[in-house]
Amino acid sequence: MDLGLAGQVFLVTGGSRGLGRSCAQALVEEGAHVVVSARSQDDVDRAAAELGAVGVAADLADPATPTRLVEAALSTYGRLDGALVSVGGPPAGAALSLSDEQWRSAFDSVFLGAVRLSRAVVDALPDTGGSLAFVLSSSVKAPIAGLAASNGLRPGLAMLAKTMADELGPRGIRVNGLMPGRVRTDRIRELDGDDPAVEERIAATIPLRRYGDPAEFGRVAAFLLSPAASYVTGAMVPIDGGAVRAL
């Protein structure tokens, strides 16, 4: 199926590795142009070279980042059609063990950074509309033990995405969320302690009995961003092998 992405332009934050990188790869393979960002200059340069994309080293917690990313897309490609908003997971820890500074830092990057970027992207989209997708987590539906910051922030961002879908729908702008479960990324390896026994135990609780591959996430993300999903907005799509049993 042709997703209709050829020639379109997207920002992908957190695009140097993991879930963001998998989406950037899928977009490029479908003929889209991509501006990838991440905090590490070396990682961004490497990803941009491998993808044939534009790379910008930037931190979503920095208020100047959205303008820099949008300007990179417009100055290079002359247009912008949407964005995948992905940031690294906030620090692990129990709800009352995280410090005020850890909560503020997580809020600035995960939540406020996403709001700022959305504002800048929406202002730059053409009159024909566009598409935003937020990388969230299965914690939108059910809390994950030891990840209190994610449990606190991701559901709020999901509801914000739903609100934006209402507000921006009349302009032809679609807003969706992606809820990855156990997808084999560096973040998951860190949480598992890179222990095969932990992966085996958790995989046994997943209906498909395995972790996901980042490419499986990337293909779903690219579809949601694409014109092929033109009547999908306000959706929170699980990519978790069936792990979350809630509706």
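Keep in mind that what you see is a predicted model, and the values were worked out from it rather than measured.
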**Main-chain N/O of G242 paired to D240 side chain as donor or acceptor, under 3.5 Å** = yes
**Message:** For E50, is the CD atom crowded, meaning more than 12 foreign heavy atoms sit under 6.0 Å from it?
**Reply:** yes
**Request:** State, with a plain yes or no, whether a side-chain heavy atom of P227 is found less than 4.5 Å away from one of Q8.
**Result:** yes
**Request:** Answer yes or no: does atom CG of D195 have more than 12 heavy-atom neighbours from other residues, nucleotides or ligands under 6.0 Å?
**Result:** yes
**Prompt:** Hey, are the side chains of L80 and L74 touching, using non-hydrogen atoms and a 4.5 Å cut-off?
**Reply:** yes
**Flag side-chain contact, heavy atom, 4.5 Å: M179 against V244** = no
**Prompt:** Side chains of V135 and L84: closer than 4.5 Å at any heavy-atom pair?
**Reply:** yes
**Asked** Who are the side chain to side chain donor-acceptor pair (under 3.5 Å) partners of Q41, not counting sequence neighbours?
**Response** D45
**Item:** Side-chain heavy atoms of K141 within contact of P238, under 4.5 Å
**Value:** no
**Prompt:** Under 4.5 Å between any side-chain heavy atoms of S37 and L11, yes or no?
**Reply:** no
**Message:** For I206, is there any backbone N or O sitting under 3.5 Å from a side-chain donor or acceptor partner on R209?
**Reply:** yes
**Request:** Answer whether the closest heavy-atom distance between the side chains of V122 and R171 falls below 4.5 Å.
**Result:** yes
**Prompt:** According to a 4.5 Å side-chain heavy-atom criterion applied to Ile, Leu, Val, Met, Phe, Trp and Tyr, with indirect links allowed, do V237 and L136 form part of one hydrophobic cluster?
**Reply:** no
**Asked** Any side-chain heavy atom of R154 within less than 4.5 Å of one from V110?
**Response** yes
**Request:** Heavy atoms only: give me the nearest F134-V175 pair and the separation to one decimal.
**Result:** CE1-CG1, 3.6 Å
**Request:** Please assess R182 against E199 for the test salt bridge (charged side-chain N to carboxylate O under 4.0 Å, His left out), listing each intermediate value before the final yes or no.
**Result:** CA-CA 9 Å; R182 225 66 182 184; E199 178 173 338; over 6 Å; no
**Prompt:** Where do F10 and A83 come nearest, in terms of heavy atoms and distance?
**Reply:** CD2-N, 3.9 Å
